[in-house]
Amino acid sequence: MKLEEDILVEDLIKDVMQSKIVVYNDDVNSFENVIICLMQYCNHTIEQAEQCAQIIHNKGKYAVKTADFAKLLPICDALVENGLNAKIEQ
């Protein structure tokens, strides 16, 4: 049986291990390109991708994917290679 403290430590470790890909708004990419990239590389549905693109446009940035760093790195690289301004953040 796990103690409550053990469960809290596991949750903290998971939180620390989680990173996110943040896509920033720019004046270069069209909504269509952002949506296509999010669908292709982040496995978003069209609805998710459209909502993310709108938030990126309105707020200036948005965390489009959360996972551990190793999983996010190739996805972020693909987004950047396709012209998006994306970075992995903690």
Side-chain angles (χ1 to χ4, degrees):
M1 176 178 234
K2 289 187 176 183
L3 298 174
E4 188 174 328
E5 289 177 2
D6 292 337
I7 294 170
L8 291 174
V9 169
E10 286 178 6
D11 289 342
L12 288 172
I13 290 170
K14 285 179 187 175
D15 288 344
V16 169
M17 299 297 289
Q18 293 289 303
S19 298
K20 56 191 169 195
I21 296 175
V22 177
V23 176
Y24 293 86
N25 190 35
D26 61 35
D27 294 331
V28 178
N29 286 285
S30 65
F31 274 92
E32 183 178 357
N33 185 50
V34 174
I35 292 165
I36 289 169
C37 287
L38 293 177
M39 290 171 53
Q40 185 170 1
Y41 301 110
C42 297
N43 296 319
H44 286 196
T45 64
I46 189 157
E47 292 84 9
Q48 288 173 309
E50 288 173 345
Q51 288 175 350
C52 288
Q54 193 65 45
I55 293 168
I56 292 165
H57 176 72
N58 290 331
K59 302 255 181 184
K61 66 179 182 177
Y62 188 65
V64 297
K65 185 111 177 137
T66 302
D68 63 77
F69 183 86
K71 284 185 180 181
L72 295 180
L73 187 57
I75 298 168
C76 189
D77 288 345
L79 294 173
V80 170
E81 287 173 11
N82 282 276
L84 272 61
N85 183 1
K87 294 182 175 136
I88 298 176
E89 297 182 359
Q90 225 21 41

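Residue numbers count from 1 along this sequence.
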Could you give the distance from CG (L79) to CD (Q40), rounded to the nearest 0.5 Å? 9.5 Å

Interatomic spacing from CD1 in I35 to CD in Q51 - rounded to 0.5 Å: 10.5 Å

Between F31 and L38, is there shared hydrophobic-cluster membership here, with clusters defined by ILVMFWY side-chain heavy atoms closer than 4.5 Å? no

Would you kindly confirm whether L73 and L84 end up in one hydrophobic cluster when ILVMFWY residues are joined by side chain heavy atoms under 4.5 Å apart? yes

Could you measure the distance from the CG atom of N82 to the CG atom of N33? Nearest 0.5 Å is fine. 6.5 Å

Provide the closest heavy-atom pair for S19 versus Q90 in the form atom of the first, atom of the second, distance. OG-OE1, 2.9 Å

Spatial distance of atom CD1 (I56) from atom CG (D26) [nearest 0.5 Å]: 9.5 Å

Distance (rounded to the nearest 0.5 Å) between C52 SG and H57 NE2: 14.5 Å

Would you say I46 has more than 12 foreign heavy atoms packed within less than 6.0 Å of its CD1? no

With a 3.5 Å cut-off and sequence neighbours excluded, list the donor-acceptor pairs that the side chains of residues 59-66 form with protein atoms.
residue, atom, partner, partner atom, Å
K65, NZ, C42, O, 3.4

About how many Å separate CG of N25 and CD1 of I55, when rounded to the nearest 0.5 Å? 12.5 Å

Starting from I75, can I reach I88 by hopping between I/L/V/M/F/W/Y residues whose side chains sit under 4.5 Å apart? yes

